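All remarks here apply to the structure that follows.
All figures in this text were calculated on a predicted structure; none of them were measured in a lab.
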Amino acid sequence: MAPSKTVVITVPTLILSVSGAVIFIFFLMSSLSYSPPPCSCPTVQTSRQQQQQKQISATAEDIQWVKSQIEVNGLHMQDNVLRKGINPRTRAQQLQDLIQYKGISHYEEEEEAAKNHTSLPCPNELLVEEHHSNYGEPWAGGRDVFEFLAESSKITPESRVLEIGCGTLRVGLHFIDYLIPEHFHCLERDELSLMAAFRYELPAHGLLQKRPLIVKGEDMVFERFGSGFDYDLIYASAVFLHMPDKLVWVGLERLVGRLKPLDGRIFVSHNVKFCSRLGGDECSKRLKSLGLEYMGKHTHDSLLFNHYEIWFEFRRFKA
């Protein structure tokens, strides 16, 4: 019978084997018990909360800051006259320059200078912002209206807003910038105002990607705005003044079903003679029959010039 073979394990080898096993078990247990640290990445909810807290109006501290900057730089208002590096031009002079030189070109080659290199050619009258003088008050007043309406109606960037008669977007630009894409809607009848909105204001302010739904139309027809949602804010700035009372009531009847119940708001500026002309209690009765409730009269001041506007607030009191 063949002799049996004996396996001899030396002490150093045994120690190395045991050490390796211990190390393997240690790493195995560590991997099983490891839990990743909590993620500090912003969540969708956090992002929405930050959007909802976005400041709208200037605070007293903001105003004090800008005053201090003017003071610390020793600034005083000056006449806008010809001076080194600055050649003041009126809108009429700017328009003439654009017409005479076919745009302001700096191409050295005459052939290149004669070409139009812009992707979205804008009419000269819009480039010199003649439409900014269409309102009988400074263009900056649009920001005042936006701040008042946005804060009074407590909108957030995800709210939906409809303006009746947005004109050249003096107010609408600020809503479009504040709201998420496609959430600003407008019905406007004036074609030149619409051209100014599409051809100048939206591209000049980098707002084309916001895709506002601006519709040419009149007679208070809203079918093209779609369905399946409610507006958080509907407003008309100095628009109902120029409409027959009957048409205003037709519009309100069509709009009330598109307004969010209780929280949604309709704001009308200047006066509500379309209602008061009914006499007696007829105004309240007519509103109630539509499901609307008068919430009160408000005024707001301008930040930059001596002016205030009057607004009348309504809400939909039933679903």
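Ring pair H185/F225 is parallel by interplanar angle, where below 30° counts as parallel and above 60° as perpendicular. Between F314 and F274, the ring planes are tilted. Angles from 30° to 60° get that label. Between W139 and H132, the two ring planes are parallel [angle under 30°; tilted spans 30° to 60°].
Between the side chains of Y200 and E129, a donor-acceptor pair is found at a separation under 3.5 Å. For the residue pair E309 and H298, no side-chain donor N or O sits within less than 3.5 Å of a side-chain acceptor on the partner. Checking R258 against S227 by side-chain atom types alone, no donor-acceptor pair falls below 3.5 Å. Looking at D281 and S284, their side chains never bring a donor and an acceptor atom within 3.5 Å of each other.
With hydrophobic clusters built from ILVMFWY side chains whose heavy atoms lie under 4.5 angstrom apart, V171 shares a cluster with I214. Taken together through direct or relayed side-chain contacts under 4.5 Å among Ile, Leu, Val, Met, Phe, Trp and Tyr, L292 and V268 form part of one hydrophobic cluster. Cluster membership check: F175 does not share its hydrophobic cluster with F222, using side-chain heavy-atom separations under 4.5 Å among Ile, Leu, Val, Met, Phe, Trp and Tyr. Linking ILVMFWY side-chain heavy atoms closer than 4.5 Å, directly or via other members, places L247 and V256 in a single hydrophobic cluster. The hydrophobic cluster containing L187 also contains I266, counting ILVMFWY residues as joined when their side-chain heavy atoms lie under 4.5 angstrom apart, directly or transitively.
Under a cutoff of 6.0 Å and an axis angle of 45°, R286 and W249 form a cation-pi pair. Judged by the 6.0 Å and 45° rule, R160 forms no cation-pi pair with Y231.
Side-chain contact between P123 and R199: present, with at least one pair of heavy atoms (C-beta onward) separated by less than 4.5 Å.
Q55 places a side-chain N or O within 3.5 Å of a backbone atom of S57 that can act as its donor or acceptor partner. Side chain of S269 to main chain of A238: a donor-acceptor pair is present (N/O by atom type, distance under 3.5 Å, no hydrogens or angles). Checked by atom type and distance alone, the side chain of R224 never pairs as donor or acceptor with a backbone atom of V221 at under 3.5 Å. Judged by distance alone, with hydrogens and angles left aside, the side-chain atoms of R254 form a donor-acceptor pair with the main-chain N or O of M220 at under 3.5 Å. The closest donor-acceptor contact from the side chain of H205 to the backbone of E201 lies under 3.5 Å. Counting only distance, with no hydrogens or angles, the side chain of N73 and the backbone of Q69 share a donor-acceptor pair below 3.5 Å. Put simply, the side chain of E188 gets close to the backbone of C166: a donor and an acceptor are under 3.5 Å apart. Side-chain N or O atoms of R91 include one that pairs as donor or acceptor with a backbone N or O of V128 at under 3.5 Å. In this structure, R170 contributes its side chain and P138 its backbone to a donor-acceptor pair below 3.5 Å. The backbone N or O of L194 sits nowhere less than 3.5 Å from a side-chain atom of K216 that would complete a donor-acceptor pair.
Between K210 and I176, the closest heavy-atom pair is NZ-O, 3.0 Å. The minimum heavy-atom distance between L162 and L255, with the atom names listed, is CD2-CD2, 3.6 Å. Heavy-atom minimum distance, S159 versus L179: O-CD2, 3.5 Å. Here the closest non-hydrogen pair linking L95 and N124 is CD1-CB, 3.4 Å. The minimum heavy-atom distance between A197 and P203, with the atom names listed, is O-CD, 4.2 Å. Taking each heavy atom of L278 and C283 in turn, the nearest pair found is CD1-CA, 4.0 Å.
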As a quick check of understanding, evaluate salt bridge (Lys or Arg N to Asp or Glu O under 4.0 Å) for K67 and E71, giving each step before the final call. CA-CA 6 Å; K67 287 181 177 180; E71 182 178 355; over 6 Å; no
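Aromatic pair Y235/F146: ring centres not closer than 6.0 Å. Not less than 6.0 angstrom separates the ring centroid of F312 from the ring centroid of F267.
Listed by chain and residue number, nothing satisfies the disulfide bond (SG atoms under 2.5 Å apart) test with C122 (two or more places apart in sequence, or in another chain).
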